[in-house]
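This report refers to the structure that appears directly beneath it.
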Protein chains: 2
Amino acid sequence: MSVPAIGYGVPVARWEPGARERLSAAALELVDEQGFDDTTTAQVAARAGLSERTFFRHFADKREALFAGGDRFEAAYVDAVVGAPQGASPWAVLVAALEGGATFFPDERREHSRRRDRVISSHPALRERELLKLAGLARSVAAAMRERGVDEPTATLAGESCVTVFRVAFERWLRPDETRGLAALQSEALDHLTGLAPQAPGSSSTSRQECSGS
Amino acid sequence: MSVPAIGYGVPVARWEPGARERLSAAALELVDEQGFDDTTTAQVAARAGLSERTFFRHFADKREALFAGGDRFEAAYVDAVVGAPQGASPWAVLVAALEGGATFFPDERREHSRRRDRVISSHPALRERELLKLAGLARSVAAAMRERGVDEPTATLAGESCVTVFRVAFERWLRPDETRGLAALQSEALDHLTGLAPQAPGSSSTSRQECSGS
DNA sequence: AGCGTCATGACAGTTCATGACATCACTGCT
DNA sequence: AGCAGTGATGTCATGAACTGTCATGACGCT
């Protein structure tokens, strides 16, 4: 699929390589320029020098072209869960997952992420798809947790919380004036999340005021 | 089809009333029977005794018909946030939101919810849309929190956690052998969520500050 | 009676998405 | 060398999802 295994003086392939990459790049450009609705799959294919039919061989639908590479993003988080030290508590694994995932977003990627975020945020259909991707991440993290022996309600809640923290931190990471790294922002968000619950291990169901905002 | 019908002394509408309800009911039936892909908007409209064009006047797209009434569901949670006692901590408000939301799902609704869940779960396009709805709920809860004066990272995290807890509890509520009410399951899930974080300050990796602000 | 509104029907047009089949370079086997 | 297989692509055709536009007929208001 990807690189045709390059030999030495290998004759140029019948087709330009990297069709998938060209398609997703073209899609991002065009949607950024014209908006999602006004960009047709035919235009995207044309800019990539391919036919519309080929577009749909690489991507299940028009939106999917904007989400290429999401698997590596997910892997960054999941691998960190898998690679966490033996015997680590679910909490420690969650922290490790966030740290591992943050490596996927070095500062160099911030500008590109801003652009992509602008595009995704511009249309509900794209936000919708992004939510599906993030839900997949939560599921994968939870599954990896379970694989480590974490019990059930806990694994799912950890996966969901992982995504919650990522999302909040990521949104902040993209802010124009923000300079801190994603890892630090995730750490901060996680602290705020734990700060939500009352400190004492008492029952949760009754109101218990500690520190309120006002 | 559009029998003007029934008119006693009452002013009767030109068309059968409840077009929207008939459409969403027809959609749920047909998708349950045939699957989402094999159900056309024309079929749905026909079963409701309406034209396809009218379907799109009531719903923005094919999926939306399966999500009618979601606004009242959201309102159940948001109203509880708004109506929570003055001065309650963010945590207490979150608990109140969950309790208020649970009233929207009495046991009588469980069977219907199971059917609907089966339908939604059967196709990624529908799960996608559900995620968008739940993201909207999280945003609304967060906004209502902010309205109460809750500070920013906290409000968003509370909204997201509200949805996380709901989702985990709801999934369990629908299980065939489950008999407990949604409120109890949410309470349980919330306990598990708080149990995730280490109890003692500063036990794991990240620095942990108790009460910020004030 | 006249008039505007509003939910609907009817019909045509565009875009998305997929299935069936052909093409062409490269690969590997004989 | 020759030839069948493979894989990414193109072409054509079709159906289904939406959208724009105009027409209709009952309703309420004056």
Side-chain angles (χ1 to χ4, degrees), chain A residues 1-24 26-27 30-31 34-68 123-126 128-129 132, chain B residues 1-24 26-27 30-31 33-68 123-126 128-129:
Chain A
M1 42 171 264
S2 43
V3 191
I6 326 153
Y8 299 85
V10 167
V12 182
R14 164 95 170 77
W15 301 279
E16 289 289 330
R20 193 185 177 83
E21 288 67 27
R22 270 180 294 142
L23 282 167
S24 68
L30 284 167
V31 173
Q34 316 174 335
F36 183 70
D37 286 332
D38 292 339
T39 301
T40 69
T41 56
Q43 287 174 356
V44 174
R47 179 165 299 197
L50 295 165
S51 73
E52 186 180 12
R53 187 67 187 88
T54 297
F55 176 94
F56 285 105
R57 287 208 181 84
H58 285 276
F59 301 104
D61 59 63
K62 185 177 156 187
R63 292 173 278 165
E64 200 62 17
L66 281 321
F67 292 88
H123 200 291
L126 296 175
E128 206 174 33
R129 177 57 53 86
L132 191 64
Chain B
M1 38 164 212
S2 59
V3 188
I6 13 165
Y8 300 95
V10 196
V12 157
R14 160 99 171 79
W15 305 277
E16 290 290 334
R20 192 185 178 83
E21 287 67 29
R22 270 181 293 141
L23 283 168
S24 67
L30 284 168
V31 173
E33 293 168 12
Q34 317 174 335
F36 183 71
D37 286 333
D38 293 339
T39 301
T40 70
T41 55
Q43 286 173 356
V44 173
R47 180 165 299 196
L50 294 164
S51 72
E52 188 181 10
R53 189 70 186 87
T54 297
F55 176 93
F56 286 105
R57 288 206 179 86
H58 284 278
F59 300 105
D61 59 63
K62 186 179 159 187
R63 293 173 277 165
E64 200 62 18
L66 280 320
F67 293 87
H123 200 292
L126 295 174
E128 206 174 34
R129 178 57 54 86

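It should be emphasised that the depicted structure is a prediction, and the values quoted were computed from it without experimental measurement. Chain letters run A, B, ... following the sequence lines, proteins first, then strands; residues in each count from 1.
- One atom, NE2 of A/His123, and another, P of C/dT15, lie 15 Å apart when rounded to the nearest Å.
- Summarising the geometry, atom CD belonging to B/Glu64 is positioned 9.0 Å from atom CZ belonging to B/Phe55; distances are rounded to the nearest 0.5 Å.
- Atom CG of A/Leu66 is separated from atom C1' of C/dC16 by 15 Å (rounded to the nearest Å).
- Separating the CZ atom in A/Arg57 from the CG atom in A/Leu23 is a distance of 12.0 Å, to the nearest 0.5 Å.
- Rounding to the nearest 0.5 angstrom, the gap separating the OG1 atom in A/Thr39 from the NE2 atom in A/His123 is 10.0 Å.
- Between the side chain of B/Arg63 and the main chain of B/Leu126, no donor-acceptor pair closer than 3.5 Å is present.
- Taking A/Arg47 as the reference, A/Glu29, A/Glu33 meet the salt bridge (Lys or Arg N to Asp or Glu O under 4.0 Å) condition, with sequence neighbours excluded.
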Handout entry: Test log, rule side-chain contact (heavy atoms from CB on, under 4.5 Å), inputs A/Arg129 and A/Asp61
Key = CA-CA 11 Å; A/Arg129 177 57 53 86; A/Asp61 59 63; 3.0 Å; yes

Exercise for the section: Could you encode protein contacts along nucleotides 12-22 of chain D as a string, one character per nucleotide from 5' to 3', using B for base contact, S for sugar-phosphate-only contact and - for no contact, with a heavy-atom cut-off of under 4.0 Å? Expected result: ----SSBBBB-

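- The phosphate of C/dT8 has OP1 or OP2 within less than 4.0 Å of a side-chain N or O from B/His58.
- Remark: A/Ser51 is not in phosphate contact with D/dT9, judged by side-chain N or O atoms under 4.0 Å from OP1 or OP2.
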